[in-house]
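In what follows, chains are A, B, ... by sequence order, proteins preceding strands, each numbered from 1.
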Amino acid sequence: MNINTVTAPDELCSSTSRAWKDRVAQSIADQMEASIDLSNTRFIDSSGLGVLLSLNKALRARGGVLKLFNPSAAVSQLIELTRLHRVFDIIHA
Amino acid sequence: MTINCQPSEGLHLDFQSSPGSAREAVLAATHWLRTQGLSPEECQTWELVLAEATSNAVTHSNSKSPLRFHAFGTATSIEIQLIDRSSGFDWPDEPVLPEDDESEAGRGLFIIQQLTDQLCYLRGRGENLLRMSRARRTAKAKAEDLSATLDLMTGEVTSCYETLANIFRLSAEAAHDVPPVALAAKWLEELRQISGADFLSLRMLTPDGSQLAAFATAPADSFTTAFIDLGNTNIIESRAAIQKQDQWFDGFSVFDQADPLSYRGSAVSGIAHPLETGGQVIGVLTLGVCRAQWEPKAREINVVRSLGDFLGTLLHSLRSRDEATHSRLIKRELQIAADIQRSLLPAELPQSATLQCAGHLTTVGEVGGDFLDGIALADGGRLFVIADVMGKGVPAALFATAFRSLLHSHLDLATQPGELMSRLSASLFLELDRADMFITVQLAYVSADGLTLRACSAGHGPLLLAGGDQITEISADGPPIGVEEDATYPQQEADLNGITHLLMHTDGLSDATLPKGCGLGRDMLHHWLRATSVEGIDAWSSRDSLLHMHSIYQDKARAHDDATFVVLVRASALLQQPKNRTLTHAHR
């Protein structure tokens with residue numbers, strides 16, 4: 001099975017996250033494993049984290065897994081601040 | 001959006017209460033902060049704080065009135081105010097993260113609180129003010145931020161290197177035939193050192209998938225419970241396996257009475273991490289500290305997860321390899337036992353001028369417990385034997401072999417099957433009793449002139465005689481051999497005048513245990529034997545006909561028992577001589 005890798009936008013915040021979530025949810029609808037490439041994401045806020053959590057929950061509900069690739073130092077710090085490193089499978093390549 | 005930006009007076013910015021306008025306002029404010037000499041990291045922190053503040057105002061505001069930023073800079077700090085004209089809300093004393101780690105909302109206020117030095121929310125009549133301030137980071141502090149980032153990156157690289165180096169070492173050790181439990185115990189201790197945990201435990205899924213069995217711990221031998229029932233999802237480790245998800249626990253967790261973690265005291269915290277391979281859970285790695293709170297760094301958790309996953313996969317493959325080797329050995333042993341058993345069967349059944357016979361033996365699996373024999377005796381008579389050793393496999397084949405040897409060493413009693421059976425029983429009782437096994441046997445002696453039958457049974461089904469429309473059952477019955485120490489066996493004598501066909505068989509043929517309607521059954525056998533007798537069919541054709549019928553029923557019912565039978569036909573009833581082998585052997 002191919003793993004679907006989706007590149008997250010430069011900014012994943014309240015003004016962009018909803019539309020992006022709809023697009024991604026559609027593209028991974030039949031996937032068991034998906035990766036979100038965060039290497040180009042300069043900025044993320046709690047709305048963006050909420051979208052990642054929502055995608056993660058949807059994949060887990062059907063036995064799948066979501067991986068986060070290469071978050072920047074700032075994004076990693078926010079994930080750690082909110083303790084979501086307990087939830088996400090984070091891969092630094 | 002209206003911007004009024006004068007260095008002496010700070011930034012004043014009005015914008016609409018919508019996500020798009022709010023985003024533009026945040027970017028404008030961030031740009032202004034850069035003009036105030038803040039470092040990129042400080043600007044990014046402010047950008048996040050302002051994004052959370054405006055997002056909260058836009059999302060929760062019931063007002064369409066514009067929002068406003070006021071930003072002021074001093075030599076030592078930056079203060080930004082956000083004013084909205086909604087009815088406002090009660091700001092919590094201490095914003096906290098959601099209880100559910102996976103909750104999609106509820107982190108905004110916590111982030112604002114964490115990233116500001118001073119915070120004040122004033123709720124007024126028709127207007128609310130959120131005042132946020134942060135001390136400026138000096139040039140030295142800027143260098144410290146860079147240093148912190150470098151530390152973070154160095155830590156990441158180091159943890160990756162550490163993980164890889166450990167995986168190579170683990171692979172190398174696994175190739176040296178180290179017992180899996182010893183290998184696991186050693187590596188759990190290594191993981192304990194790396195993670196700073198007080199204890200680690202590894203449980204592997206039992207083959208039936210119903211339990212998690214204790215495998216290894218660090219410190220050694222610190223398991224409190226050998227097995228955990230996967231059906232109880234109140235147990236932390238069970239829940240990790242069932243939900244395939246990390247389960248965190250701390251001093252506030254309420255442990256089930258059956259949870260092994262409950263035995264470690266109330267002040268424990270840690271994580272239960274499911275180990276998977278090929279999408280299937282194979283075990284759970286649990287690590288914890290004897291403190292009510294534990295905040296491991298992300299890189300520490302990454303190392304533990306990566307090494308734990310690799311260790312689990314390695315142990316799983318080692319176990320699979322051992323099972324495959326064991327399976328190959330067992331199969332080879334069974335093949336040898338089957339070869340021995342086949343060599344003990346007679347090549348042909350003894351024919352005579354007065355009696356013809358044909359038999360068949362079907363073995364389910366490599367080795368079965370059925371046995372048949374036909375022996376030409378010194379007085380010209382014939383002894384026919386059908387036996388069924390309880391069970392299958394090597395033990396059943398061994399007892400069939402022993403039975404055959406004893407039988408051939410007591411042929412002086414062959415003309416009196418009752419006495420012969422008693423002797424066989426006395427000789428085999430102790431061995432069978434010790435192994436908790438038994439043998440059912442049917443002996444049939446036919447005199448040289450073909451007119452007299454003497455039969456005896458040890459727990460076996462009846463011998464069937466057919467003479468035209470009439471079917472007679474001979475059931476001279478005693479207990480199976482191996483059940484009673486001093487068993488005696490009556491024999492029954494029958495005049496074969498008027499009898500054309502005789503059938504001896506094991507219960508695998510009649511299939512008494514199969515669901516009603518699926519097996520051949522007693523009535524069907526009677527019907528077949530009656531028709532065979534009336535039509536005067538020879539032993540060979542009778543055997544093939546019965547075998548064909550049996551195979552049809554076996555396909556339907558998927559029988560799990562061996563099926564063996566012998567057809568005897570008195571020569572006076574035959575129209576022609578049999579033309580092919582008198583004994584066939586099939587293996588399913």
Please lay out, stage by stage, how B/Gln293 and B/Ser269 fare under the test side-chain hydrogen bond (donor to acceptor under 3.5 Å, both in side chains). CA-CA 6 Å; B/Gln293 285 290 326; B/Ser269 52; over 6 Å; no

Non-hydrogen atoms of chain B under 4.5 Å away: do they reach the side chain of [X], the backbone, both or neither?
X       : answer
A/Arg60 : side chain
A/Ile90 : backbone
A/Asn56 : side chain
A/Leu84 : side chain
A/Ile44 : backbone

Tell me, for [X] versus chain A, whether the close heavy atoms (under 4.5 Å) come from the side chain, the backbone, both or neither.
X        : value
B/Leu48  : both
B/Asp246 : side chain
B/Ser103 : backbone
B/Leu27  : side chain

Say you draw a straight line from OG of A/Ser39 to NE2 of A/His92; how long is it, rounded to the nearest 0.5 Å? 12.0 Å

Strictly by modelled atom types, are A/Ser46 and B/Glu52 linked by a side-chain donor-acceptor pair under 3.5 Å? yes

Between B/Thr30 and B/Glu47: side-chain donor-acceptor atoms closer than 3.5 Å: no

